[in-house]
Amino acid sequence: MVSECDNPEQNSSGLIISNNDSIRSFLLSASEDLQLPRELRETALNLSSLNKVPYKSIRQIWVGSLPSIRPDLFRLFSGSEFVFTSPKPREKSEELKARLRQLAERAERDEYRELVKDILPKSSATEPFSSYKDQLGFGLHVVLIMFTGYLVGYLAFRALFSHSTAMSAAGGILGLVCGMLVETLLFIIRSSNHDNKSSATASKQKKNQ
């Protein structure tokens, strides 16, 4: 059997067979048979020049011909082979095309990063308070320092000034301010250490390049 990738030259659905000498001879004789309708004669003439022909059309011409002049079907199709056509490729939807483009672009970016990972400097140091967890922890720490400063100042002034409510409150406020100053100083120290580490890391990476 013959497998053809191209569509049949004759636009017809159904079984397609390869043309041979017996079929071609029958079609040429049928195209001159005045007993056949004009449409069948024209069809026979057109099919006689093709390499592959639809079985349905050959059958119609054969049935329309006189039994005395038409060959038997076995002899007519002897040596002919089936022709199988490939189905049309399924068209991709626009959504699928867009998804494939995104995947291709992502793969290209990943491949590029893999190629230049030994060239570009690695940004291992992270910015301070860059995440919600760090920010929340810092806020809780400030509140704790302020509360501790207020409590220490309140109790200290209460003991020093004979349980005076006003002085105790003033001592608490003073302790709160001191706690804020201590927290500010700690924040400056942490930020300074981070900047120094970042500068040292960048300098080291430049030397290694």
### Query
Roughly how far, to the nearest 0.5 Å, is CG of Leu176 from OH of Tyr154?
14.5 Å
### For the student: nearest non-hydrogen atoms of Leu40 and Ile61, plus distance
O-CD1, 4.0 Å
### Query
Does Val142 belong to the same Ile/Leu/Val/Met/Phe/Trp/Tyr cluster as Phe147, with side-chain heavy atoms less than 4.5 Å apart forming each link?
yes
### Message
Could you see if Leu136 belongs to whatever hydrophobic cluster contains Val143? Use Ile, Leu, Val, Met, Phe, Trp, Tyr and a side-chain cutoff under 4.5 Å.
### Response
no
### Message
Can a donor-acceptor pair be found, under 3.5 Å and without considering hydrogens, that links the side chain of Ser25 to the backbone of Asp21?
### Response
no
### Query
What pair of heavy atoms forms the shortest contact from Pro71 to Trp62, and how long is it?
O-NE1, 2.5 Å
### Message
Once rounded to the nearest 0.5 Å, what's the spacing between atom CD of Glu183 and atom CD1 of Ile188?
### Response
10.5 Å
### Query
With hydrophobic residues grouped by side-chain heavy-atom distances under 4.5 Å, do Leu76 and Val63 end up in a single group?
yes
### Query
Which atoms form the tightest heavy-atom contact between Ile145 and Gly179, and what is the distance?
CG2-O, 3.1 Å
### Query
What do the steps show when you test Arg38 against Glu42 for salt bridge (charged side-chain N to carboxylate O under 4.0 Å, His left out), and what is the final call?
CA-CA 6 Å; Arg38 181 180 177 182; Glu42 291 178 352; 3.1 Å; yes
#### Entry: Transitive ILVMFWY cluster of Met167, excluding itself - 4.5 Å side-chain cut-off
Phe157, Leu160, Phe161, Leu174
## Note on the structure
Output for pair (Ile58 CD1, Leu15 CG), nearest 0.5 Å, gives 11.0 Å
### Query
If every non-hydrogen atom of Ser48 is compared with every non-hydrogen atom of Leu28, which pair is closest and at what distance?
OG-CD2, 3.5 Å
### Summary
CG (Leu36) and CD (Gln60) are apart, to the nearest 0.5 Å, by 11.5 Å
### Task
Calculate, to the nearest 0.5 Å, the distance between atoms CD1 and OG belonging to Ile23 and Ser18 respectively.
6.5 Å
### Task
Kindly write out the residues that satisfy side-chain contact (heavy atoms from CB on, under 4.5 Å) with Asp110, not counting sequence neighbours, or none if the list is empty.
Arg106, Arg113
### Message
Check this for me, if you would: do Glu95 and Arg99 make a salt bridge, where the nitrogen-to-carboxylate-oxygen distance has to be below 4.0 angstrom?
### Response
no
### Message
Can you give me the closest heavy-atom contact between Ala169 and Tyr150, atom names plus distance?
### Response
O-CE1, 4.3 Å
### Task
With side chain to side chain contact (heavy atoms under 4.5 Å, CB included) as the test, would you mind laying out the steps for Lys56 and Arg59 before giving the verdict?
CA-CA 5 Å; Lys56 182 178 180 181; Arg59 177 73 179 179; 5.7 Å; no
### Message
Minimum heavy-atom separation for Ala30 and Ala44, please, with both atom names.
### Response
CB-CB, 4.1 Å
### Query
Once you round to the nearest 0.5 Å, how far does CZ of Arg41 lie from CG of Leu27?
14.5 Å
#### Entry: N/O donor-acceptor pair under 3.5 Å between Asn19 side chain and Val53 backbone
no
### Message
Is there a path of hydrophobic side-chain contacts, each under 4.5 Å between heavy atoms, that joins Leu50 and Ile17?
### Response
yes
### Query
Considering only heavy atoms from C-beta outward, does the side chain of Ser31 approach that of Asn46 to under 4.5 Å?
no
